[in-house]
Amino acid sequence: MATDYDAPRKSEDDSESIEALKERVPDKLSGSSGDEDADNPSSFDLPGADLSDLELDVVVLPAQQDEFTCMNCFLVKHRSQLDHEGASGLICKECAA
């Protein structure tokens, strides 16, 4: 039996009027909503802000046995990305291309 996925579906939820749906959705054009804009919260720091007093805790792991550092792009890559060992050191497949 074939199913027509483009056919409109009938369910109990379809009985809700358009006015009821409009009441649930906030009016974006009014601009008088008391909520703060989720895309631009007031605690957002702009690029270039002074962060010198901020202290970060970062754990840096050394390269693992199955990793190498490409001497061309200086990225740590998996051994499966190794293309060859040049005069300067190990070179990945992306840099060799």
What pairs of donor and acceptor atoms, side-chain ones from residues 88-97 against any protein atom, are under 3.5 angstrom apart with sequence neighbours left out?
residue, atom, partner, partner atom, Å
K93, NZ, S80, O, 3.2
E94, OE1, K77, NZ, 3.2

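Listed by first and then second residue, the salt bridge (Lys or Arg N to Asp or Glu O under 4.0 Å) pairs involving residues 53-74 amount to none (not counting sequence neighbours).
V76 and V60 fall into different hydrophobic clusters, where Ile, Leu, Val, Met, Phe, Trp and Tyr side chains are chained together by heavy-atom contacts under 4.5 Å.
Atoms CZ and CD, from R79 and Q64 in turn, are 12.0 Å apart once rounded to the nearest 0.5 Å.
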